Amino acid sequence: LNPITNKFYKYGSFVRVIDISISIPKEKEIMGNLQILSLLLFSFFLSKCYSKQEDFVQCLSKYSETNVTHNTYTPKSPTYSSILEYAQKNPRWMNSSHPIFIVSPTKESQIKPVIRCAKKLGIQIKIKSGGHDYEGISFRSKTPFVMLDLSNLNKIKIDLKEETVWVQAGATLGQLYYAIAKKSNVHGFPGGVCFSIGTGGIISGGGIGTMMRKFGLAADNVVDARVIDVNGKILNKNKMKEDLFWAIRGGGGASFGVILAWKLKLVRVPDKVTVFTVYKRLEGNQNLLKKWENIAHQLPDKLLIRVIIQNDGTDNEKYVEIIFQALYLGPVDELIPLLKEKFPEFDLEKKDCFQEPVVDCSNRPCIKKECRETSWIGSVLYFYGRRTNESLEVLLEKSIPTQKNYFKATSDFVKTPIPESGWEMVKRLFLEEERPQMILEPLGGILDKISESEIPFPHRKGNLYNIQYLVNWGDNSESISSQKITWMRKLYKKMEPYVAKSPRSAYLNYRDLDFGTNSEDYSYSKAKIWGEKYFKGNFERLAKVKSEVDPKNFFRNEQSIPPYHTDS
């Protein structure tokens, strides 16, 4: 029992002791002995847990050059709950097992004693950058653990002459984008859409975004990094092995150490870009969707058009909507002729980009199209549902949402267009559910020119687009959650004939534990079942890197890379 959270943890050796005690023949003696034994075991658990907590704090005090205990929180600390709640961007696990400590270092040097003491006392570490892991593995565990919260490590240093930026792993994408926009109106970075995602996590998982067809993934634009390894050594690119630098750029950094900071290549962006959204019903526009599937990956790399599929309408008339949302790295005058050639069905005109969209709910969707000519940072705001001219301070928001959104997600990659029967199945299943979504993100462009093995992210040439599936709900009761997750699993199974095969592939940053989790022995052969979905042939190389840098598997989680073993 963890006396702070009142959560039970199972220990096999104690269960065996209880089994042996049952050999006493008399029923009353059995019950009495079991009660005594249970009380003794409970007292033992209690004393060991408190002892371990005291030992951990004492150990940190002993080995810290600066007292990291000032930023160490237990469930009794006044700010513990707010730190944990802010960390849990998917609040499905608010009632799951919580860390016995949260350590929030303010200096990189404070992490070394955390690793040292956790190793010494046999406590697991979970590393949290932004807290967006889809399965919550940075802030929950089946065994007692310490959450290493990197959010205070958020310094950003931009060098416009070199066109690079050093960003600490606790900084969010919003903080990074804000810093770039304040320094330059002709530079940007090809990261993700969501402001509050931590740079440590998204970049170590790959990092797809609106400029990836032109500039590649976030991880494709890493030029250096600082990592603290299992021995507490801080390594940069020159000091770490080449394979480790390869592994952390898309292979999930938390398997190999603690990502402290990235050095990123800034990209040149035009002073004017264009964003637009076109709203259609799925019914009657399947040919348009089919056209998008066939050509979106072949469009000029300055143009990315993604598709969002979701429900809309009223209780009396619910329908499935397809939304075409785009970024063009250039002015409206360049975009309109291109769209008239490739997608005249969008009916987008220059005037649409300089006026408010027309709202007419007599014929849904109420808004048919909207467009804005803006700056790169304006496009960042637009894709997150903000106005392009909104204050940049919204990029720095850290408030905890008062209205909770719970979700389950998974992913696929698509290599051939989905036939009409597939989209009919999607429409049928969507109308069974309240708040489902599919987000289709086209690949191609520079992504086709980068080798599958350049970094661990292998989903390059031959893939038309990737799919992110989401189902959202507002009531996290067990019955509702179970219903939503069952629906998602049904959709995922039904999509199998239409997506990439051998293996059916997935994107690490859209993590899904339904693919499988590490067994107690962290078997390499068992982990391959889910590992090759994310990394294909790169999984073996990742496991070999793991064997070199963390052979005893200190840095581990439900889907961490296990050490390579040929006989496992």
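Atom set for the values below is all heavy atoms of this structure, side chains included, hydrogens, waters and symmetry mates excluded. None of these values were measured; they are calculated from a predicted model.
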Check step by step if side-chain hydrogen bond (donor to acceptor under 3.5 Å, both in side chains) holds for Asp149 and Ser151. CA-CA 6 Å; Asp149 172 21; Ser151 59; 3.0 Å; yes
Salt bridge (Lys or Arg N to Asp or Glu O under 4.0 Å) assessment of Arg372 paired with Glu356: CA-CA 9 Å; Arg372 284 288 178 271; Glu356 291 300 310; 2.7 Å; yes
Which label fits [X] and [Y]: parallel for a plane angle under 30°, tilted from 30 to 60°, or perpendicular past 60°?
X	Y	result
Phe457	His459	perpendicular
Tyr524	Phe539	parallel
Tyr510	Tyr134	parallel
Phe346	Phe324	tilted

Who are the side-chain hydrogen bond (donor to acceptor under 3.5 Å, both in side chains) partners of Tyr178, not counting sequence neighbours? Glu393
Residue set satisfying side-chain hydrogen bond (donor to acceptor under 3.5 Å, both in side chains) with Asp312, at least two apart, ordered chain then number -> Tyr319
For [X], I'd like to know if atom [atom1] has over 12 heavy atoms of other residues, nucleotides or ligands within 6.0 Å.
X	atom1	result
Glu283	CD	no
Lys155	NZ	no
Glu434	CD	no
Lys494	NZ	no
Lys493	NZ	no

Separation of Gln168 CD from Asn152 CG (nearest 0.5 Å): 10.0 Å
By salt bridge (charged side-chain N to carboxylate O under 4.0 Å, His left out) - contacts of Glu478 (at least two apart): none
Sequence neighbours left out, what passes salt bridge (charged side-chain N to carboxylate O under 4.0 Å, His left out) with Lys280? Give chain and number order. none
Is there a donor-acceptor contact under 3.5 Å from the side chain of Gln124 to the main chain of Arg556? yes
Quick one: does Gln110's side chain have a donor or acceptor within less than 3.5 Å of a partner on Thr106's backbone? yes
Not counting sequence neighbours, which residues clear disulfide (SG to SG under 2.5 Å) with Cys194? List them please. none
Have [X] and [Y] got a donor and an acceptor in their side chains that come within less than 3.5 Å?
X	Y	result
Trp473	Glu433	no
Lys546	Asn553	yes
Thr79	Ser77	no

Residue set satisfying side-chain contact (heavy atoms from CB on, under 4.5 Å) with Asn389, at least two apart, ordered chain then number -> Arg387
Using side-chain hydrogen bond (donor to acceptor under 3.5 Å, both in side chains), reason through Ser411 and Gln468 one step at a time and then give a plain yes or no. CA-CA 5 Å; Ser411 62; Gln468 178 181 191; over 6 Å; no
With a 4.0 Å cut-off, would you call Arg249 and Asp220 a salt bridge? no
Tyr279 ring centre to Lys368 NZ or CZ under 6.0 Å, with the angle to the axis within 45°? no
